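Report on the following structure.
Fair warning: this is a prediction, and the values are worked out from it, not measured in the lab. Atoms considered below: every heavy atom in the structure, side chains included; atoms not considered: hydrogens, waters and symmetry mates. We count ligands from 1, going down the list as the structure has it; atoms in each ligand are counted the same way.
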Amino acid sequence: MNPHPPVAVPWPPEGGIHLNVTFYGVRGSTPCPSAANMRYGGNTACVALEVPGEDPIVLDLGTGLRYWGQTQPCDGTFAGTCLLTHIHWDHVQGLPFFVPVDRVGARLDVYGPSQQGETLEHAFNELMRPPYFPVRASDLRGTITFHDLDAGDAAIANAKVQVRSVPHCGPTNGYRIAWDGVTVAYISDHQAPMDGSFAVAESVMELCDGADLLIHDAQYTPAEFAERAHWGHCSVDYAVHVAKEAGVTQLALFHHDPSHSDEKVDAMLAGARSAVAGSSVEEVVAAYEGLTISFDR
Ligand SMILES: [Zn+2]
Ligand SMILES: [Zn+2]
């Protein structure tokens with residue numbers, strides 16, 4: 001059951017909207033759709049960035065990718081780019097179910113961190129192959145090209161992309177995407193200091209600095225973080241701290257814990273909203289499947 005059918009964004013949009021950020025998967029760690037979390041959704045990380053007339057950029061390939069695929073052409077004309085943070089399951093499991101790239105002529109370029117001496121392509125070939133899964137990436141009929149992308153600056157699709165390492169478990173990228181006058185920072189999985197302090201890596205501050213929108217890991221309450229300080233994530237309070245320190249305009253809480261009900265996420269959002277009072281952060285949302293944040297020209 002998918003409680004969140006494909007998003008009906010008018011396309012091409014009317015009235016000068018030039019960048020849409022749409023969330024198709026907002027959950028961390030594992031898919032977990034259930035009656036208790038139907039409003040926010042149970043699919044894992046996948047966020048689409050779309051500008052009319054240009055090839056889209058998708059952030060991560062979690063299970064939400066399947067639903068984004070339902071909005072894309074399935075006639076072999078699909079062309080797009082993925083900026084992948086890392087290869088944990090919750091960020092890659094949607095790829096075999098992305099129908100638009102299973103068509104002759106379709107093209108998907110996947111950029112992500114190299115894997116400690118191995119290429120990103122090698123890592124994908126290991127995780128998507130029999131006996132673990134019957135389909136290899138190369139079995140899909142379109143062309144999927146993997147590109148190693150470590151810290152640096154790059155022109156990708158029509159965007160200017162800054163790439164920096166983010167503290168997590170294993171090689172992990174964060175991205176700052178400047179596209180058509182809008183800046184979006186994406187820090188999906190972020191290990192906060194395990195001692196509970198609020199120090200932030202310089203690399204992360206660089207990505208977030210003054211962004212129009214920061215999409216940030218907000219998996220735990222402070223009490224949960226104390227119990228799971230070494231699990232690779234952070235508290236909602238830490239996400240708010242990063243947003244305020246970096247002077248971002250809007251914060252989207254992301255990578256919700258699979259055990260959190262809608263009411264729990266609501267409560268975390270309410271706390272985050274009161275915590276940004278008086279700062280640069282004008283708005284905080286808790287990302288949910290189907291949410292589109294539009295930037296007007
Ligand atoms: Zn994750
Ligand atoms: Zn991860």
Side-chain angles (χ1 to χ4, degrees), residues 21 23-33 37 40-48 58-68 82-98 110-116 118 120 123-124 126-128 132 146 148-151 163-175 184-194 200-201 203-204 207-208 214-221 224-225 227-236 238-239 242 251-260 264-265 268 286-289:
V21 178
F23 294 84
Y24 290 90
V26 299
R27 199 61 60 167
S29 308
T30 183
C32 55
N37 61 31
Y40 287 99
N43 283 293
T44 62
C46 183
V47 184
V58 66
L59 305 173
D60 281 327
L61 304 169
T63 61
L65 181 70
R66 179 166 167 267
Y67 300 97
W68 182 53
C82 170
L83 298 177
L84 186 80
T85 55
H86 62 310
I87 59 168
H88 287 166
W89 288 343
D90 51 323
H91 297 257
V92 299
Q93 279 185 325
L95 184 58
F97 308 100
F98 186 54
V110 180
Y111 292 83
S114 58
Q115 300 297 309
Q116 293 163 331
E118 295 287 0
L120 181 67
F124 257 93
E126 286 298 299
L127 68 89
M128 221 177 125
Y132 312 110
F146 295 98
D148 293 339
L149 182 66
D150 297 311
V163 190
R164 300 289 183 274
S165 286
V166 174
H168 185 48
C169 314
T172 301
N173 284 347
Y175 295 102
V184 178
Y186 181 61
I187 316 289
S188 69
D189 300 51
H190 190 183
Q191 171 70 66
M194 295 181 201
V200 184
S203 58
V204 173
L207 294 179
C208 300
L214 167 61
I215 302 165
H216 196 284
D217 184 346
Q219 184 144 352
Y220 299 135
T221 64
E224 288 167 340
F225 180 78
E227 299 254 307
R228 305 170 191 170
H230 61 294
W231 285 23
H233 298 284
C234 63
S235 67
V236 62
Y238 187 80
V242 173
L251 169 65
L253 307 177
F254 189 71
H255 209 276
H256 308 307
D257 191 84
S259 74
H260 287 174
K264 183 86 177 178
V265 178
M268 291 167 76
Y288 58 88
E289 289 177 27

| Candidate pair V163 and Y175, rule side chain to side chain contact (heavy atoms under 4.5 Å, CB included), full reasoning | CA-CA 5 Å; V163 190; Y175 295 102; 3.9 Å; yes
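For H256, the ring-ring contact (aromatic ring centres under 6.0 Å, His included) criterion is met by Y40, not counting sequence neighbours. Annotation: side-chain hydrogen bond (donor to acceptor under 3.5 Å, both in side chains) contacts of Y220 (sequence neighbours excluded): none. Listed by chain and residue number, nothing satisfies the salt bridge (Lys or Arg N to Asp or Glu O under 4.0 Å) test with E118 (two or more places apart in sequence, or in another chain).
Among the atoms of C169, no N, O or S atom is found under 2.8 Å from the Zn ion (ligand 2).
Counting only protein N, O or S atoms, 4 lie closer than 2.8 Å to the Zn ion (ligand 1).
With hydrogens and angles ignored, the 3.5 Å screen pairs a side-chain donor or acceptor of Q191 with a backbone N or O of A229.
No hydrogens or angles considered: a donor-acceptor pair under 3.5 Å links the side chains of D60 and Y186.
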